[in-house]
Amino acid sequence: MSTLPSRAAQATGVAAGASGADAIAVRGVSKWFDKEGTRTTALDAIDLRVAPGSRVALVGPSGCGKSTLLYVVGGFVAPSAGAAFAFDRPITGPGVERGIVFQEYALFPWLTVADNIAYGLARKGVAKAEIQRIVAAYIDRMHLQGFERHYPRNLSGGMRQRVALARTFATEPAILLLDEPFGALDAQTREYMQDALLELWTASSNTLLLVTHDIDEAVYLCDTVYVMSRRPGRIVRRIDVDLDRSQGREAIVLSERFRTLRNEVWLAVREQVRGADDGADA
Amino acid sequence: MSTLPSRAAQATGVAAGASGADAIAVRGVSKWFDKEGTRTTALDAIDLRVAPGSRVALVGPSGCGKSTLLYVVGGFVAPSAGAAFAFDRPITGPGVERGIVFQEYALFPWLTVADNIAYGLARKGVAKAEIQRIVAAYIDRMHLQGFERHYPRNLSGGMRQRVALARTFATEPAILLLDEPFGALDAQTREYMQDALLELWTASSNTLLLVTHDIDEAVYLCDTVYVMSRRPGRIVRRIDVDLDRSQGREAIVLSERFRTLRNEVWLAVREQVRGADDGADA
Amino acid sequence: MPTLDLDTASRPAQERAHVSWRHRLARAARRASLSALPVIGVLLLWQLAVSAGWVRAIFLPPLPAVWHALVDIVTTPLLADTLGTSVLRALLGVALAAAIGVPAGFALAESRWLRWWCEPYVAFGYPLPKIALVPVFTVWFGVAALSKVMLVFATCLFPFMLAAQSGASLVPQKLRWAALALGTRPRDMFRRVILPASVPSLITGLRVAFPIGLITVFTAEMVSGGGLGEAIVQAQRYFQSAQVYAYVLLTMIVGYAADVLIAWLQRRLPSSAG
Amino acid sequence: MAAGMPAAVPGRAIARQRVLREFVGLASVVVFLLAWHVATRLALFPEGFVPAPGDVWRAGLHLARSGELFGNLWATVVSAAVGLATGSAVGCVLGMAMTMWPRVELLVSPLVRGTYALPKTTLIPLLVLWFGVGGATNIVVVAVTAMLPLIAYTVRGTHEVPQVLVWSARTLGTPAAQILWRVLLPAALPQILAGLRVALGLSVLVAVSCEMIVSNQGIGKLMLQYGEQGSYDYLLAGLVAATLVAWLADIALRALSNRLLRWHEASRADSAQA
Amino acid sequence: APPTIRYASAGVVGPGELETVIFSDWFKANVLKRHGKEYVIETTTARGTPGVATLLAAEQADLGTLAFTSFATVIATDAVPGGVKAIAEIHRDAVKGYASNPFVVLNDSPIRRIEDLKGKSVAVNAFNGSVDIILRIALQQHGLDPKKDVRVVEMPFGNIGPALRQKRIDCGVLAMPFQVDEAKRGGIRTVFDAVGVVPPYPVLFQSARAKFLQAQPQAVRAWLADYVDAQHWIYNPANRSKVVELTADLAKTPAKSLDEYFLTNKDFYRDPNATISAASIQPPVDAMSRLGLLPKPVSVAPYVDASYLPKRA
Ligand SMILES: Nc1ncnc2c1ncn2[C@@H]1O[C@H](COP(=O)(O)OP(=O)(O)OP(=O)(O)O)[C@@H](O)[C@H]1O
Ligand SMILES: Nc1ncnc2c1ncn2[C@@H]1O[C@H](COP(=O)(O)OP(=O)(O)OP(=O)(O)O)[C@@H](O)[C@H]1O
Ligand SMILES: O=C([O-])O
Ligand SMILES: [Mg+2]
Ligand SMILES: [Mg+2]
């Protein structure tokens, strides 16, 4: 993977919760949807700060507003109340410094696998030869050899997801927003991808906001796990992950601390899932 | 949940591998796709027999042909070679006795949540009042209260998946074909859904063919786990799950046997994932 | 791939925060004034062109004259005689075309053999300049309304057929599969899946066909009499340009109103993009 | 594929299918011609009014030999093609811009919608003032007519573009202004091509209609002259020639669609519009 | 280069508008001595004489074929900048012993006289066209109100015969060449034609924009000289077979049926010298005026100019 450009230099003041430039700051964000007289509140006064270079996971019951929160940070959806900031600048729309992988992949169906991966690089004005090199590297890394010229519709679900990851990773954004990025992958490929992600993070120290259903994944990958309540989504719990990451995956996953943390998140989420969705508010 | 009709009575001869009427029999099925001179072989001489009332999981690397195999059994895709049978009748097209949940949900976008769930029941000619009762029960069970009148596009990913499950479960097919049915659910909802599935199965003793990436899920839910090789998909391993299921989930999952089996499947899949996809064949 | 469609506007633009009714009112007024702008611009340019003598009044009459002519038409039974007659004929023809073209289009999408058999007729019949067939239609269906209705039918049939055919052939395969596995009989497939999934396509077809229907009626009437078309031709023959433009404005208003109505319908129906 | 069970089709079978398809199409044309011939022999039509296919063929040959056919056909084709190209380009861009920027929609929609039902041929006297007799005037009328389906289909196509695609493109560094042609255009291409097919049919129809009003050349002029004269065999020969050209263009367009939409889920070798 | 004359014809080729035969390629090459030297003619086809009038008004044509109806309208509305002049006759109606456009009915029809048309439907090719005016004048002369007592419908000339036979109309007018074909087919009879209804009048005549006449008088004179020469050539029996062959080819009608009437007294009357006079145009124009079809009465005299025609030999 190519190295991250100077953008990474912005990522100073790494201390979480520091009052300096947060990579992401969400202040009192609410979001509701009005449909034919019914109001569905997806987010309720969310406050969230992500320090540059940190890795944060969002977990919570299905339909609690995780994707919606990611869209607010991505700049795709304007909050109904409150505001979101990236590196202290208010978020008013999408930006290249915030790369996103959507739950539904959002590949360009008219582009081949290789062209999908090359897309963001071409927009950045990267030279042709360099693009080819990077695309080839990602094809390799994502185990997509032989499918360079295939169109997305001819790929399996997991293959599509890997293309989506490659497309976003290739542009090396300062902030990575991932919405269940490994959901369609088999357990082994998933682990492989997780480690690839960590490796990328180590190389470029970008900031990670990860939505996932997989609690092991959240704890394994991130420094902080936020647990959201069931809809209307609120942040009900923050769990700091203090793992010794100097060893390999096996050691980490088998460690007592991992088990404890995992359990803690588990119980916090279960508390939220119990009682189930309560439907639209009105 | 309403009880299963007499169809369940067909499900005799439960012994796996018995030469009697298999619920599903796949005999020497191959499937390849020819695109502009390139041939991609998705399935390579698959043999598979599923006894009535048994629960079988298919696991394997992403892109190995699991969905394709499910489509062959569903009767949506004709094999390039070989043939598939349901209750000894050759499969020539889709049939109500084989209910399917697709990896991408395939909800009817023009129908509300309630109408999507009611769809199959109405086709079966179930009485209006009965349909309403069943739909209400599934709305409840799937934690979709308050979203009855919503259209699919206003639902979160996990909610869509739950609607798709409800739609198929409601018609109580003799054979259930599930393609990553819990992929978009959070861990807790997923467990809840798994148990709901087992409950349904116990009540109606239908046959289950489950494609999943979650090895715990495969082992927890099924009697037999088939491991597929990476593309071209072949079945490389059959693991019989001999768990004592008399106890609750906690006990099963924490049992030594569960761990062993889980590990066995894990290693079998990893062996296949190693070396990655090899691209199109030609 | 599902359309993730947050909020009412299904446009891929930035989404706006919610606003109070007062803001909404102000916004509606702003929108209306923005829409009026180009119309006012065109009218100004028109009057300027006449006043400055760039175009002679015989080709572009002064606006007040057109206005008077328009008032004359609208306030007399002339409106029903001309516009009323034409619109009624167009409506009948378009309805007939939809009633036959839509099922035919679906049939073409579903049956290869039928498609192959009909391909030459569709490909030939569609671009065939139907207006050249006015004499034939007059002999077959008489000079009165029927021949015009049939001509509209012949012209609008193909847009409906193509809309239905393309709508049906774009239905995602998994939806068909899901429906079959849920017990939809193949013969119900159309009613249960293909039709609802094609609704947006059909409305687009209507949006194209209806104005074509109107144009056809007007043009046919220009050739063989009756309705607004005859009124225009008469006025044109006698260089009564104010009347000509009054009628032309009427056709524009009718077309505009019809399109607004269809667009409204389009928004009301649940989108097939899911 | 009604029963949802597509047969496995190896390359040779596809070729065989293509031959079969052409054969079925040909057979249906032959049957039509026979029926027509028999009907004229049995005098089912008013005498002298519908010529037999053989007469039309002879008339066509005569026109071709005298050189009248190709010169006039060329004129018609040029009007239709240039008008179609400009009209659909403008319509396509307008349609996308209307979806992307509500302001553009507000601004242009009254004018655009006003032109939908306007019988453009009534404006020919005005257009003739500016563009002269023939070519340019006809091109303008064809272009304005072709715009309608392109706008309607493009608007629909772009409305259905999944929002996440636009979002993806934006975060991958696509400037807002480029979304139009980097995302909306390719994503809406299936619909745009459907609209183009509708417009293609219309453009020939309208080009010929214009030539029937005022022209110094074109198939429409031939048809007007021979129609007034009662030489219906020659009228039909001209009609068939123009329609043949449109048919060939339609075939070319479908081939192009197939190529451009290789990526599309529903693009099948012989599907409706893909 | 010689000046170009842009000529707008009314949409009929061959016998209906003889000038279309005359400016065919063969005539240009073999008969029109002055073509290419003193003038060049370029033709446009319009839909009927109102279309020609529009082209003259738009100054997109210099000369064109008009009928008295479109001519009077152009004058009354002052449509052509600088005015319009009728300069040469093409053919004449209501001349005894020659063709006129007959109003015909089926043989078994109860309609025998003009009075019998009360309550019936009559087809003409164009409302307020010259044939329609003749009909209205005839009706008025026989005490019928053209607006109330008769249903006048419009259909192309070619349709009127079939429509009559299918009983979609009670009476209809037949033009060339349809009247010949229909007569041959039989079963119809004439109720009346223009003869006796109005004095002889030019059905079609060449007209020119006055501004063009001023700018290019020599070119117009040369064209009209060629035109008159060509008419003589056409009417020369020695050339008949060639003329019929050429005209048949141009109009795409069988030479045999053309030969039966073309240039004979079954055809319209054509003045050998294309003489035009205000006196012959004025009566039908006055009739139009009486029928309320003109915004104001029109005196055509200032708009008829025979001086561009060659001096009689
Ligand atoms: N366009 C919309 N209109 C109405 N409600 C919406 C819309 N989009 C989302 N919602 C609602 O907002 C809530 C949050 O949705 P969101 O997609 O953010 O959930 P999520 O946490 O990502 O769920 P999942 O884990 O299942 O993907 C849901 O209840 C959903 O129904
Ligand atoms: N229509 C098609 N045309 C060409 N190749 C196809 C088509 N459908 C599937 N394939 C190929 O067949 C192989 C198997 O696909 P399939 O969807 O069955 O995989 P899978 O095991 O379900 O993968 P995943 O777990 O990622 O969903 C893939 O390599 C895919 O690229
Ligand atoms: O009037 C027409 O635009 O065809
Ligand atoms: Mg989500
Ligand atoms: Mg799959």
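Order of the sequence lines fixes the chain letters, A, B, ..., with proteins taken first and strands second; residue numbering starts at 1 for each chain.
- Under the rule for a side-chain hydrogen bond (donor to acceptor under 3.5 Å, both in side chains), B:Y105 has no partner lying at least two apart in sequence or in another chain.
- Counting all heavy atoms, side chain and backbone alike, B:A106 lies closest to C:L175 at O-CD2, 3.4 Å.
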If you apply the rule side-chain contact (heavy atoms from CB on, under 4.5 Å), what do you find for C:R192 with B:F108, and how did you get there? CA-CA 10 Å; C:R192 301 268 174 221; B:F108 300 122; over 6 Å; no
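- Residues passing the side-chain hydrogen bond (donor to acceptor under 3.5 Å, both in side chains) test with B:S67, sequence neighbours excluded: B:Q103, B:D179.
- The distance from atom CZ of B:R123 to atom CG of C:L180, rounded to the nearest 0.5 Å, is 12.0 Å.
- Minimum heavy-atom separation, B:I100 to C:A181: CG2-CB, 3.8 Å.
- The closest side-chain heavy-atom distance from B:W110 to C:L195 is not below 4.5 Å.
- In terms of non-hydrogen atom pairs under 4.5 Å with chain B, the most contact-rich of C:L182, C:D188, C:T184 is C:L182.
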